[in-house]
Amino acid sequence: MSETAHRYTAELADRIELAWQDRWEAEGTFDAPNPSGPFADPEKVASYSGGHMLVLDMFPYPSGAGLHVGHPLGYIATDVFSRYHRMLGKNVLHCLGYDAFGLPAEQYAVQTGQHPRVTTEANIDIMARQLRRLGLGLDNRRAIRTMDPDYYRWTQWIFLQIFNAWYDTEAERADGGRGRARPIAELVEEYASGARPLPAEDGRDWADLSPAEQADIVDSHRLAYASEAPVNWAPGLGSVVANEEVTNEGRSERGNFPVFKRNLRQWMMRITAYSDRLADDLDRVQWPDKVKAMQRNWIGRSHGARVAFPVAGLPEVDPIEVFTTRPDTLFGATFMVLAPEHPLVDALVPAGEWAPGTNPAWTGGEASPEAAVTAYRRAASRKSDVERQIEGKDKTGVFTGAYAVNPATGAEIPVFVADYVLMGYGTGAIMAVPGQDERDWHFADNFDLPRIRTVQPTEGHPEDEAFTGEGPAINSANDEIDLNGKPVAEAKAAMIDWLVERGHGEATVSYKLRDWLFSRQRYWGEPFPIVFDADGVAHGVPESMLPVELPEVPDYSPRTFDPDDAASEPEPPLGRVREWVEVDLDLGDGRGVQRYRRETNTMPNWAGSCWYYLRYLDPENREELVSAATEEYWIGPRETPVAGAPKGTVDPGGVDLYIGGVEHAVLHLLYARFWHKVLFDLGHVSSEEPFRTYFSQGYIQAPAYRDDRGQPVEASEVEEVVGDSGAVSFTWQGQPVTREFGKIGKSLKNMVSPDDMYAAYGADTLRLYEMGMGPLDQSKPWDTRAIVGSQRFLQRLWRNVVDEESGEVRVVDEPVDDATLRVLHRTIDAVRRDYDELGFNTAIARLIELNNALTKLERVPRDAAEQLVLMVAPLAPHIAEELWSRLGHAESLTHADFPVADPALLVEDTVTCVVQIRGKVRDRLEVASDITEDELREKALALPKVVDATAGGVRTVIVRAPRLVNVVPM
RNA sequence: GCGCGAGUGGCGGAACAGGUAGACGCGCCAGAUUUAGGUUCUGGUGCCUUCGGGUGUGCGGGUUCGAGUCCCGCCUCGCGCACCA
């Protein structure tokens with residue numbers, strides 16, 4: 001034990017931190033008042049001079065492994081930002097809930113027989129303790145959990161809103177655009193009154209239709225609908241998954257099982273109705289360009305044309321509709337290709353044998369078109385996405401035996417079936433233009449089909465390749481239209497005009513985005529508030545019957561199958577609870593008590609996370625999801641749009657700062673935007689976007705080590721060996737291992753727990769280290785050795801205020817000297833700018849510099865120390881509170897005013913001027929900061945080094961007073 | 001292949017608007033304290049150097065009085081998408 005009994009050690013930090021965490025909790029320091037409702041405190045709300053701000057993190061999934069040091073990075077950043085803005089006088093709401101439904105808890109439950117609620121609650125407790133120890137300033141009254149019935153009743157309520165809505169593409173919006181969701185009852189009304197013509201043209205009125213026919217029409221409009229459609233079925237997982245959850249390799253993100261396209265009856269969300277708004281409104285939010293690009297790419301809007309190709313000799317068959325982005329190349333369409341699943345295929349295929357003279361390569365080795373198509377379709381349906389991927393560019397297909405007429409040339413061109421054309425994009429059929437499309441070129445190669453170039457390739461372009469570039473049209477004229485010589489864009493426009501005029505097609509837009517598969521065959525998720533009547537018609541459960549609670553089941557596991565058994569059928573666990581599934585209800589629709597069957601699928605994990613930020617605002621509201629006043633207060637549109645938005649942009653509202661990982665760029669962040677827009681259309685929220693500013697934080701990577709077999713070894717047991725030459729190598733149990741940097745976790749055996757950091761350094765040191773490592777949006781390697789630097793800073797800060805031996809406050813009540821005052825105010829100015837822009841690493845560097853300056857003083861003036869403590873507070877709140885308190889302040893500094901820089905003190909009297917010769921620094925001058933150019937030039941030219949260099953004369957002198965002179969000799 | 005981003009000391013990273021490259025921290029070196037180790041404190045630390053200076057921000061060119069920063073062409077790495085007609 002040294003005599004420095006009051007040194008800032010890990011033990012002292014621990015005592016200070018726990019004490020302040022208790023006090024914050026007892027005083028409700030971070031409880032943010034609402035303007036009305038359960039958390040109302042209008043007086044307090046009005047007292048905030050700086051307005052209000054909502055700062056959120058993507059909420060965590062409570063996994064069993066607890067936190068590692070990578071998790072809190074974003075939480076610390078939002079906490080620092082929140083604390084800073086509280087000191088600017090704002091009512092800051094920062095809180096954190098739990099994404100509690102999900103697969104890992106269910107899988108664990110299957111293994112152990114423990115109810116997933118029990119394990120999830122235990123995990124939440126562990127996480128909550130670890131997060132509390134970090135000193136986050138959260139309003140814990142709002143820590144919602146998606147698995148609680150009080151929460152998911154509103155998830156179900158939103159589902160019903162979507163179920164009971166349709167997208168009216170003609171309806172006008174407030175912003176002047178067209179298209180918005182409307183209640184389904186209004187659609188029924190319009191049909192019933194005759195205001196809207198019925199889709200079927202058999203002359204009957206709405207009232208003449210049977211209830212089942214009416215239901216069919218209504219259901220086909222709903223934004224949430226059950227439909228039989230090709231979905232991603234993962235037999236090994238026992239569940240279907242969304243497109244967004246299928247990996248590049250065609251496997252399920254969860255469990256890594258093969259995924260098959262299967263026609264199954266599942267719940268879908270009509271997110272495609274919002275394609276344009278989801279793409280366009282990205283201009284209105286402040287998000288990283290990368291994430292905007294990812295969403296735009298996922299939505300995949302492309303402009304082109306729809307063209308109809310009549311089928312030769314079959315006037316009764318519908319023409320084949322294709323989508324093309326290159327209508328200008330129509331003259332080069334020498335064949336057509338339909339997706340194997342295309343509904344028109346059966347009608348096209350002629351009966352009987354192949355026509356005499358059919359190219360044997362087209363027949364797939366079968367005796368008739370029908371046999372060939374059937375065999376090809378069967379083979380295609382058996383292929384998993386993995387296999388499709390592996391086959392890659394090797395184009396396969398068979399001839400259907402049918403020909404279509406190219407409307408531009410009148411030529412009869414063969415129609416093929418091939419799986420390189422996807423049913424889910426465009427119309428599921430293409431016009432093949434081998435001259436201008438690589439894939440079509442390859443197919444033409446394989447099947448000996450003609451190729452006509454319709455764009456003049458640039459010089460030197462290989463003879464044996466498609467030309468996809470820009471150039472004048474060639475070979476593109478008939479009696480009515482001549483594109484030859486026109487550049488691509490002009491030719492496109494001319495062709496579209498001609499197509500429209502002749503009734504062959506029209507300009508159109510196509511999207512990659514598809515409707516969202518919304519049901520899962522799992523136990524641990526939200527039940528659908530849906531029941532089916534005896535006719536199989538789906539009915540929404542009345543609001544008064546919400547929540548539809550998740551029943552207890554004897555067995556949590558869905559039925560899983562051999563991972564490659566594509567023909568297996570999903571069987572959700574809830575289907576086994578007959579007494580829950582079969583239910584007598586009065587839905588209040590005049591039918592009285594009837595027997596119904598409940599929907600046994602559950603909602604995907606994304607459901608709860610789609611809207612949790614809204615429930616934070618008003619978590620105890622029993623009547624509404626969120627009250628209008630509260631929603632508008634926290635996330636209503638602001639007067640000024642976000643920085644960087646195009647001119648004339650109207651602010652969409654939303655969370656002021658949302659921080660989370662980029663892995664959710666096209667999942668959570670797209671789904672939440674979709675739900676929010678539906679809620680906006682239906683009048684439940686005033687904001688049009690959920691997150692007006694989103695920031696994606698980087699990952700913290702930690703060193704991981706592998707032995708000579710490539711197996712990870714326990715990183716904490718690895719020793720570093722420094723060789724004679726200074727080269728560093730690593731060993732584990734005596735054997736050499738190699739180092740890499742990777743995601744922290746069990747799989748790489750490189751876990752670093754925050755608990756160990758709390759024990760060795762304290763939470764403030766950990767916070768400071770994580771914020772000081774580098775820019776927040778960058779990934780960076782964890783280095784436990786380097787944390788000590790952050791601890792040393794806090795120790796020096798502590799020592800500047802508290803005497804280490806006596807424990808007494810050692811600041812003096814003397815005015816701050818002029819030099820120190822200038823350093824102080826420059827620091828205030830810089831730190832404010834850094835905090836505003838989440839530049840915490842540079843803010844910390846500034847604070848260390850200021851602290852080092854104070855260390856050099858014989859006596860530390862109180863005023864300088866206090867301002868420094870206030871500036872450190874957002875980053876290291878416990879030590880700051882403790883020092884603030886020891887400096888004689890009874891109140892927490894949470895709402896103390898953040899220091900303000902005096903502009904007068906930012907102007908320096910003298911500055912260092914560099915004197916360059918030919919652009920290289922050769923000397924320096926101390927000059928008055930208001931020195932004139934002429935004076936400075938004179939001084940610089942008089943310097944001995946300059947005199948030497950300019951003996952042969954001066955060509956030019958550049959003067960940028962007061963900082964720089966550049967002399968260029970002859 | 002397409003899209004986005006990044007290459008700066010031994011390491012993490014600074015550098016507002018083209019104007020002192022390497023702030024701050026780790027590590028390393030030296031000294032002080034300590035019985036010693038550790039801790040803590042003080043000073044030094046891009047590279048080369050004949051101690052005058054030379055050189056230096058992935059590579060090659062360009063613009064400029066002046067380039068880490070702007071332009072053109074490459075290379076490498078990371079991330080995302082990927083038969084999207």
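Since we're looking at a predicted model, the values are computed, not measured. Labels below follow one simple rule: chain letters A, B, ... track the order of the sequence lines, proteins then strands, and each chain is numbered from 1.
- For G19(B), the base has no donor-acceptor partner in the side chain of Arg963(A) [N/O atoms by modelled type, under 3.5 angstrom].
- In RNA chain B, stems built from 3 or more consecutive Watson-Crick or G-U wobble pairs, each with both distances under 3.5 Å, span B:1-7 with B:75-81, B:10-12 with B:24-26, B:27-32 with B:40-45, B:46-48 with B:53-55, B:58-62 with B:70-74.
- His342(A) places no side-chain N or O within 3.5 Å of a backbone atom of Val417(A) that could act as its donor or acceptor partner.
- Regarding Asn841(A), its CG atom lies at a distance of 18 Å from the P atom of G22(B), rounded to whole Å.
- Distances shown here put every side-chain N or O of Arg296(A) at or beyond 4.0 Å from the OP1 or OP2 atom of G80(B).
- Between Lys492(A) and Arg326(A), some side-chain heavy-atom pair lies under the 4.5 Å cut-off.
- When the C1' atom of C81(B) is taken as reference, atom NZ of Lys512(A) falls 6 Å away, rounded to whole Å.
- Between A36(B) and G31(B), the distance separating the two P atoms is 14 Å to the nearest Å.
- Among the nucleotides A85(B), C41(B), U20(B), the one closest to any side-chain atom of Thr912(A) is U20(B).
- In this structure, Tyr761(A) has its ring center at least 6.0 angstrom away from the ring center of Tyr769(A).
- Counting only heavy atoms from C-beta on, Arg7(A) has its side chain closest to U39(B) among U39(B), A82(B), C83(B).
- Set against C26(B), C24(B), U20(B), the side chain of Ile848(A) has C24(B) as its closest nucleotide.
- Counting any heavy atom pair closer than 4.0 Å across all strands shown, Ala845(A) reaches a base atom.
- Here the straight-line distance linking atom CD1 of Ile659(A) with atom CD1 of Ile76(A) works out to 11.0 Å at 0.5 Å rounding.
- Taking the side chain of Val421(A) as heavy atoms from C-beta on, and the options A85(B), G66(B), G12(B), the nearest nucleotide is A85(B).
- With P as the reference atom, G5(B) and G9(B) are 23 Å apart, rounded to whole Å.
- Nearest to the side chain of Asn297(A), among U40(B), U20(B), C81(B), sits C81(B).
- G9(B) takes the syn form, because its glycosidic angle lies no more than 90° either side of 0.
- The distance from atom CZ of Arg846(A) to atom C1' of A23(B) is 8 Å, rounded to the nearest whole Å.
- The same atom, C1', is picked in C59(B) and in A6(B); the two are 16 Å apart, to the nearest Å.
- The C1' atoms of G73(B) and A21(B) are separated by 26 Å, rounded to the nearest whole Å.
- Proximity note for Pro775(A) (side chain, C-beta onward) versus C81(B), C26(B), A14(B): the nearest is A14(B).
- Looking at heavy atoms from C-beta onward, Val345(A) lies out of side-chain contact with Pro340(A) at the 4.5 angstrom threshold.
- The shortest distance between the side-chain N/O atoms of Arg918(A) and the OP1/OP2 oxygens of C65(B) is not below 4.0 Å.
- A gap of 30 Å separates the C1' atoms of G53(B) and C11(B), to the nearest Å.
- Looking at the side chain of Thr855(A), the nearest of the listed nucleotides A82(B), U42(B), C83(B) is U42(B).
- Glycosidic conformation of G31(B): anti, with the torsion beyond 90° of 0.
- Contact annotation: Arg306(A) does not reach the phosphate of A85(B) (side-chain N/O to OP1 or OP2, under 4.0 Å).
- In terms of phosphate contacts, Gln916(A) brings no side-chain nitrogen or oxygen within less than 4.0 Å of OP1 or OP2 of C65(B).
- Applying the 4.0 Å criterion to OP1 and OP2 of A85(B), one finds that Ser510(A) has every side-chain N and O outside that range.
- Put simply, CG on Asp783(A) is 17 Å from P on G10(B), counting in whole angstrom units.
- The shortest side-chain heavy-atom distance between Asn841(A) and Met773(A) does not fall under the 4.5 Å cut-off.
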Could you check Ser302(A) against Tyr511(A) for side chain to side chain donor-acceptor pair (under 3.5 Å), going step by step and ending with a plain yes or no? CA-CA 6 Å; Ser302(A) 53; Tyr511(A) 305 87; over 6 Å; no
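- Between G52(B) and G62(B), the distance separating the two C1' atoms is 33 Å to the nearest Å.
- For Arg799(A), counting side-chain heavy atoms from C-beta on, the closest listed nucleotide (C65(B), C26(B), U40(B)) is U40(B).
- Spacing between C83(B) and U63(B) at atom P, rounded to whole Å, works out to 45 Å.
- Residues Ile299(A) and Lys512(A) form no side-chain contact, since every pair of their non-hydrogen atoms from C-beta on lies 4.5 Å or further apart.
- Backbone-only engagement by Ser302(A) is indicated by non-hydrogen atom pairs under 4.0 Å involving sugar-phosphate atoms exclusively.
- Closest to the Lys780(A) side chain, of the nucleotides G80(B), C65(B), G12(B), is G12(B).
- The cationic group of Arg451(A) lies under 6.0 Å from the six-membered ring centre of Trp441(A) and within 45° of the ring axis, placing it in a cation-pi geometry.
- For the pair Met771(A) CE and G25(B) C1', the interatomic distance rounds to 15 Å; values are reported in whole Å.
- Side-chain nitrogen and oxygen atoms of Arg796(A) include none within less than 4.0 Å of the OP1 or OP2 phosphate oxygen of U40(B).
- Protein atom CZ of Phe741(A) is 11 Å distant from nucleotide atom P of C11(B), rounded to whole Å.
- Taking atom CG on Asp328(A) and atom P on A85(B), their separation rounds to 14 Å, with Å as the unit.
- The side chain of Lys856(A) has G43(B) as its nearest neighbour among G43(B), G19(B), A23(B).
- Per the geometry, CG belonging to Leu847(A) stands 16 Å off P belonging to A14(B), to the nearest Å.
- Between Phe443(A) and Phe447(A), the ring-plane angle classifies as parallel under the 30° and 60° cut-offs.
- Taking the nucleotide of RNA chain B with the nearest heavy atom to each of Met431(A) and Gly789(A), the more 5' of the two is matched to Gly789(A).
- Comparing Lys290(A) and Ile430(A), the nucleotide of RNA chain B nearest to each residue sits closer to the 5' end for Lys290(A).
- Comparing U49(B) with G54(B), their P atoms are spaced 16 Å from each other, to the whole Å.
- For U40(B), its base never sits under 3.5 Å from the side chain of Arg792(A) at any donor and acceptor pair.
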Distance-only criterion, 3.5 Å: show the donor-acceptor pairs between side-chain atoms of residues 950-970 of chain A and protein atoms not counting sequence neighbours.
unit_1, atom_1, unit_2, atom_2, d
Thr950(A), OG1, Val946(A), O, 2.7
Thr950(A), OG1, Val947(A), O, 3.4
Asn966(A), OD1, Gly919(A), N, 2.9

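- Between Asn852(A) and the phosphate of G25(B), there is a side-chain N or O to OP1/OP2 separation shorter than 4.0 Å.
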